[in-house]
Visitor: 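Here it is, the structure, as structure tokens.
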Amino acid sequence: MAKKKYISLTGIQYTFPVIIKVKEKDKVVWVSLKGNENDYVTANEDVQKAIEATDKFKNKEIGISEKQLADENKNDKKTKIDFDPAEFESVTDINGVIEVLNGEPYKVAKNKLKTPDSIKSAMETYNVSFPNLTF
């Protein structure tokens, strides 16, 4: 089975139980999205299905990173998440960018938006642009 990497899309470190069947019995598996990338990797198909059935996954609080696991040690940016392109022409400063990315529907934690590189990464991840902003 292929490995899947689940990531927190909100910047929050989540820990929650999922229930899978093992030999006709229910088994609780604890999933923790933590570490530098707030992530959890598993190759267990039952655990993957259980994670993808949770409200956190359905509400896009967590998602699947499409970045190759072999590239984890590289300094690559996270892959775009399925958000429609959005352009905010009225935003002309960094504070406005942080306000947009911290708000609905993106919900990026402010502590994840401290440097120009982290802001640019979030802009790319969530498919947003600010044409009247200069870094």
Side-chain angles (χ1 to χ4, degrees):
M1 165 66 10
K3 287 184 180 180
K4 286 188 180 180
K5 180 177 180 179
Y6 295 90
I7 58 172
S8 171
L9 301 178
T10 62
I12 296 172
Q13 293 184 347
Y14 293 108
T15 298
F16 56 94
V18 294
I19 299 173
I20 63 172
K21 291 277 188 197
V22 177
K23 297 181 184 178
E24 303 299 319
K25 294 183 181 179
D26 287 344
K27 178 181 177 185
V28 175
V29 175
W30 284 90
V31 175
S32 286
L33 281 72
K34 59 185 181 179
N36 290 340
E37 294 187 21
N38 291 341
D39 64 347
Y40 176 81
V41 178
T42 183
N44 185 315
E45 186 175 339
D46 293 329
V47 174
Q48 291 172 356
K49 287 178 185 176
I51 291 171
E52 292 169 21
T54 65
D55 287 339
K56 287 185 182 347
F57 187 83
K58 291 177 184 175
N59 294 335
K60 296 189 180 193
E61 293 173 54
I62 62 174
I64 299 172
S65 174
E66 296 180 15
K67 180 172 65 169
Q68 295 295 322
L69 292 172
D71 293 337
E72 277 185 2
N73 294 327
K74 293 182 182 175
N75 197 15
D76 292 340
K77 295 178 181 172
K78 291 181 183 162
T79 324
K80 286 183 184 170
I81 301 158
D82 291 333
F83 279 93
D84 292 330
E87 191 172 277
F88 298 89
E89 292 181 11
S90 63
V91 176
T92 58
D93 63 18
I94 292 293
N95 291 331
V97 173
I98 292 171
E99 186 177 319
V100 168
L101 291 171
N102 183 247
E104 293 289 333
Y106 312 111
K107 300 181 191 174
V108 180
K110 287 183 180 179
N111 66 349
K112 299 288 182 184
L113 301 170
K114 290 190 175 199
T115 66
D117 287 340
S118 64
I119 292 170
K120 288 176 185 175
S121 176
M123 289 169 53
E124 183 178 316
T125 298
Y126 292 97
N127 206 10
V128 297
S129 64
F130 303 91
N132 295 321
L133 174 73
T134 306
F135 279 94

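The analysis underlying the following values was restricted to heavy atoms, covering all of them including side chains, and did not include hydrogens, waters or symmetry mates. All values reported here derive from a predicted model rather than from experimental measurement.
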Visitor: Run the side chain to side chain contact (heavy atoms under 4.5 Å, CB included) check on Val97 and Leu133 step by step: do they pass?
Guide: CA-CA 9 Å; Val97 173; Leu133 174 73; 3.3 Å; yes
Visitor: Might you confirm whether atom CD of Glu99 has over 12 heavy atoms from other residues, nucleotides or ligands at distances under 6.0 Å?
Guide: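 No, CD of Glu99 has 12 or fewer neighbouring heavy atoms, counting only those of other groups under 6.0 Å.
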Visitor: Verify the cluster assignment for Val28 and Ile51: are they in a single hydrophobic cluster under the rule of side-chain heavy atoms below 4.5 Å apart?
Guide: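 Each belongs to a different hydrophobic cluster.
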Visitor: Does Ile98 form a side chain to side chain contact (heavy atoms under 4.5 Å, CB included) with Lys110? I'd like the steps, not just the answer.
Guide: CA-CA 7 Å; Ile98 292 171; Lys110 287 183 180 179; 4.1 Å; yes
Visitor: Should the pair Lys49-Glu45 be classified as a salt bridge under the 4.0 Å nitrogen-to-oxygen rule?
Guide: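 Salt bridge: yes.
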Visitor: If you take all heavy atoms of Ala109 and Gly11, which pair is closest and at what distance?
Guide: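 Result for this residue pair: CB-CA, 4.4 Å.
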Visitor: Grab the two heavy atoms, one from Gly96 and one from Val91, that are nearest each other, plus how far apart they are.
Guide: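 It is C-CG1, 3.6 Å.
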Visitor: I'd like to know if the side chain of Asn132 reaches the main chain of Thr92, judged simply by a donor and an acceptor atom lying under 3.5 Å from each other, with no hydrogens or angles considered.
Guide: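 Answer holds: no.
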Visitor: Can you find a heavy atom in the side chain of Ile64 that is under 4.5 Å from one in the side chain of Glu52?
Guide: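 They are in contact (side-chain heavy atoms under 4.5 Å apart), so the answer is yes.
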Visitor: Please report the interatomic distance OG1(Thr10) to CG(Asn59), rounded to the nearest 0.5 Å.
Guide: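 Reported value, rounded in 0.5 Å steps: 11.0 Å.
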Visitor: Working to the nearest 0.5 angstrom, can you tell me the gap between Ile62 CD1 and Lys56 NZ?
Guide: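 Rounded to the nearest 0.5 Å, the CD1-NZ separation comes out at 8.0 Å.
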Visitor: Do Tyr14 and Trp30 belong to the same hydrophobic cluster, where Ile, Leu, Val, Met, Phe, Trp and Tyr are linked whenever their side-chain heavy atoms lie under 4.5 Å apart, directly or via other members?
Guide: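 Different hydrophobic clusters.
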Visitor: Enter the distance from Asp39:CG to Ser32:OG here, rounded to the nearest 0.5 Å.
Guide: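 Nearest 0.5 Å value for the CG-OG distance: 11.0 Å.
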Visitor: Over all heavy atoms of both residues, which pair between Gly63 and Phe57 is shortest? Give the atoms and the distance, please.
Guide: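 Where Gly63 meets Phe57 most closely, the heavy atoms are CA-CE1, 4.0 Å.
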Visitor: State whether the side chain of Asn102 and the backbone N or O of Lys107 hold a donor-acceptor pair below 3.5 Å, judged by distance alone.
Guide: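 Pair absent, no side-chain N/O of Asn102 close to backbone of Lys107.
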Visitor: Does any part of the side chain of Val100, heavy atoms only, come nearer than 4.5 Å to the side chain of Val128, both counted from C-beta?
Guide: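 Val128 vs Val100: side chains apart.
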Visitor: Within this structure, what is the CG-CG distance for the pair Asn38 and Leu33, rounded to the nearest 0.5 Å?
Guide: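 CG of Leu33 is found 7.0 Å from CG of Asn38.
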Visitor: Please answer: with hydrophobic residues joined when any side-chain heavy atoms are less than 4.5 Å apart, are Tyr40 and Ile19 in the same cluster?
Guide: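 Hydrophobic grouping puts Tyr40 apart from Ile19.
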Visitor: Quick one: do the Gln48 and Tyr6 side chains pair a donor with an acceptor below 3.5 Å?
Guide: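 Their side chains do not contain a donor-acceptor pair, so the 3.5 Å distance test is not met.
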Visitor: For the residue pair Leu9 and Lys60, what are the closest heavy atoms and their distance?
Guide: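 In this case the closest contact between Leu9 and Lys60 is CD1-O, 3.3 Å.
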Visitor: Which value, rounded to the nearest 0.5 Å, describes the distance between Glu89 atom CD and Phe130 atom CZ?
Guide: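 Going from CD on Glu89 over to CZ on Phe130, the span is 12.0 Å.
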Visitor: Could you tell me whether a side-chain N or O of Thr42 sits under 3.5 Å from a main-chain N or O of Asn44, the two making a donor and an acceptor?
Guide: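 Flag set: sc Thr42 to bb Asn44 pair under 3.5 Å.
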